[in-house]
Each structure stands twice: as C-alpha cells, then as structure tokens.
Amino acid sequence: MTMEPMDATNLKLIIFNSFLGAIANNIRAIAYDFTSDTILIYGYLDVVPEEDDFEIIDNAVTEIMSSCPEFLKQEINLKQSNQPFGKLNSYKGWVFCRYEE
C-alpha cells in the first residue's frame, strides 16, 4: 500500500485543534516537526518540565496520532528556556507562542 504525502495544511489544522485547551500557563511556545512515521513536539517552558507537563502534551499528541494514522511514533521534547522566540528552533512551525512583552 502506498501512502500519499502528508497535506501540510491539513496537518496544521489537526495539530492546532488537538492543542486547544491543552496548553498550560507555564508553556511559552510549542513547535512541531514530523517524519514519515513520527510526530515530534517541542515545548519551551518558563519552568523545569514536570510529569504533568508531559501528560498534557501527550494527550494532544494522542489526538494528532488518532487523526493521522501514518504517525506510528511520537516524540515529546520539553525544556526550560528563557531565550527570545526568535532564537528558539521552530522546526516545521509554531503551534503556539505566548504573548510576552
């Protein structure tokens, strides 16, 4: 069976919808990336990530994977960062960037 390439616009909509209500106050930004079979999420927090942070993001990634059966694996990378957004890696795009003055 041949898989068609991922539609980037549709994938963005799926990712954005999956993260609605799944972004805690301590998250500064979320970026995404993907390979043919893996969805990768990168979260930048203003505190050291805790288990709850991973669980909240994991719930959103589960929704992404249920809508995109070509994703067989996931990778969630959370880290504390106070760097300006312009210095952070956005990979294939931002899912969320918190307003900061």
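What you are looking at is a predicted structure, and each value in this text was computed from that prediction instead of being measured.
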Glu50 atom CD, over 12 foreign heavy atoms within 6.0 Å: no

Parallel, tilted or perpendicular, as decided by the 30° and 60° cut-offs, for the rings of Phe85 and Trp94: perpendicular

Close side-chain approach of Lys92 and Leu11, heavy atoms under 4.5 Å: no

Atom of Ile56, atom of Ala22 and distance for their closest heavy-atom approach: CG2-O, 3.1 Å

Path from Leu40 to Tyr91 over hydrophobic side-chain contacts below 4.5 Å: yes

Closest non-hydrogen atom pair, Leu88 against Gln83: CD2-OE1, 3.6 Å

Centroid-centroid distance, Phe96 to Phe19, less than 6.0 Å: no

Side-chain heavy atoms of Asp52 within contact of Glu55, under 4.5 Å: yes

Between CG on residue Asn25 and CG on residue Asp46, distance to nearest 0.5 Å: 9.0 Å

Interatomic distance, Thr62 atom OG1 to Ile57 atom CD1 [nearest 0.5 angstrom]: 11.0 Å

Separation between CD1 of Ile14 and CD1 of Ile64, rounded to the nearest 0.5 Å: 8.5 Å

Pairing residues for Asp58 by the side-chain hydrogen bond (donor to acceptor under 3.5 Å, both in side chains) criterion, not counting sequence neighbours: Gln74

Min side-chain heavy-atom separation Lys79-Tyr42 under 4.5 Å: no

Side chain to side chain contact (heavy atoms under 4.5 Å, CB included) evaluation trace for Asp37 with Phe71: CA-CA 4 Å; Asp37 68 348; Phe71 291 139; 5.8 Å; no

Reported CG-to-OG distance for the pair Asp33 and Ser90, which is rounded to 0.5 angstrom: 9.5 Å

Heavy-atom closest pair, residues Ser81 and Arg28: O-NH1, 2.8 Å

Distance in Å, Thr38 OG1 paired with Leu72 CG, rounded so as to fall on 0.5 Å steps: 7.5 Å

Minimal non-hydrogen separation, Tyr44 against Asn89, with atom names: OH-O, 2.8 Å

Spacing of CE belonging to Met65 relative to CD1 belonging to Ile39, to within rounding of 0.5 Å: 9.0 Å

